[in-house]
Amino acid sequence: MTFQPHKIEGSGSSHGSGLLSRQLYIDFDVYTEGDQEYKMELVLLLIDNLIEFRQTLTDSIQQNNSRLFLDACHKATVTLSMLEDKELNELIEELKRNILEIHKVSRWMMRLDRFQDVCDLIIISLRKEINGAEI
């Protein structure tokens with residue numbers, strides 16, 4: 001699948017009320033063979049994995065333990081591969097590279113904020129997939 005520019009509805013930060021969703025690049029039929037019930041289960045699993053991944057990054061910062069985040073990156077490999085979100089993957093790689101470099105704190109925090117926003121948008125979009133599957 002070729003990368004296409006992200007389609008984002010609205011503007012601003014997802015922590016506010018501006019962003020509504022994010023284009024998903026996952027082809028669910030590859031994993032579900034068109035089975036809507038299995039698709040719903042897969043979407044819920046992806047959402048849970050993203051929420052856990054995002055929380056682990058927060059825990060890593062609070063505990064000053066970069067190993068937590070690096071281990072979570074490894075654990076999330078399959079989820080990230082399925083989502084095929086180029087920006088999310090680039091943010092994660094940048095966070096991994098810079099997690100130990102204290103002198104880059106302000107840049108790292110900006111990337112962290114964007115990471116949180118992208119995760120939020122993907123979760124919203126995945127939830128819309130569930131709603132669409134129920135119709």
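Nothing here was measured: the structure is a model prediction, and the numbers come from that model.
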List the steps and the verdict of side chain to side chain contact (heavy atoms under 4.5 Å, CB included) for D117 and R114. CA-CA 5 Å; D117 287 345; R114 183 62 188 151; 3.9 Å; yes

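- Using a 4.5 Å heavy-atom threshold, the side chains of L88 and L80 count as touching.
- For the atom pair CG of D29 and CD1 of I26, the computed distance is 10.0 Å after rounding to the nearest 0.5 Å.
- Atom CE of M82 sits about 13.0 Å away from atom OG1 of T77, to the nearest 0.5 Å.
- Both V78 and L42 sit in one connected hydrophobic cluster of ILVMFWY residues. Membership requires side-chain heavy atoms under 4.5 Å apart, directly or through other members.
- Of the residues listed (I123, I130, T32, L24), the one engaging V43 in a side chain to side chain contact (heavy atoms under 4.5 Å, CB included) is I130, and it is the only one.
- For E93, the side-chain contact (heavy atoms from CB on, under 4.5 Å) partners two or more places apart in sequence, or in a different chain, are K96, R97.
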Would you sort out whether E84 and D27 count as a side chain to side chain contact (heavy atoms under 4.5 Å, CB included), showing the intermediate values? CA-CA 9 Å; E84 296 187 51; D27 180 357; 5.8 Å; no

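- Side-chain contact between C73 and I92 is present, with at least one heavy-atom pair separated by less than 4.5 Å.
- Under the 30°/60° scheme for interplanar angles, the aromatic rings of F115 and F53 are found to stand perpendicular.
- Transitive grouping of hydrophobic side chains (ILVMFWY, heavy atoms separated by less than 4.5 Å) keeps L57 and L68 in distinct clusters.
- One N or O on the side chain of T56 and one on the backbone of E52 form a donor-acceptor pair closer than 3.5 Å.
- Under the salt bridge (Lys or Arg N to Asp or Glu O under 4.0 Å) criterion, the residue pairs touching residues 62-71 are R67-D71, with sequence neighbours excluded.
- The number of heavy-atom neighbours closer than 6.0 Å to CD of Q63, taken from other residues, nucleotides and ligands shown, is above 12.
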Between E41 and L44, is the side chain to side chain contact (heavy atoms under 4.5 Å, CB included) condition met? List the steps. CA-CA 5 Å; E41 290 175 25; L44 291 172; 5.9 Å; no

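- Of the inter-residue distances, the one linking L46 atom CG with T79 atom OG1 reads 5.5 Å to the nearest 0.5 angstrom.
- Considering only residues two or more places apart in sequence or on other chains, D48 meets the side chain to side chain donor-acceptor pair (under 3.5 Å) condition with none of them.
- Shortest non-hydrogen contact noted between C119 and L50 is SG-CD2, 4.2 Å.
- Taking the side chain as every heavy atom from C-beta outward, Q23 and D85 never approach each other to under 4.5 Å.
- A continuous path of hydrophobic side-chain contacts links V118 to I51 [ILVMFWY only; heavy atoms under 4.5 Å].
- Between atom CD of residue Q55 and atom OG1 of residue T58 there is a gap of 5.0 Å, rounded to the nearest 0.5 Å.
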Check the pair N89, L83 against side chain to side chain contact (heavy atoms under 4.5 Å, CB included), reporting the backbone distance first and the verdict last. CA-CA 9 Å; N89 289 327; L83 290 172; over 6 Å; no

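- In this structure, the side chain of S60 engages the main chain of N65 through a donor-acceptor pair within 3.5 Å.
- Note that CG of L112 and CZ of F69 are 8.5 Å apart. Values are rounded to the nearest 0.5 Å.
- For the atom pair CZ (R54) and CG (D120), the distance works out to 4.5 Å, reported to the nearest 0.5 Å.
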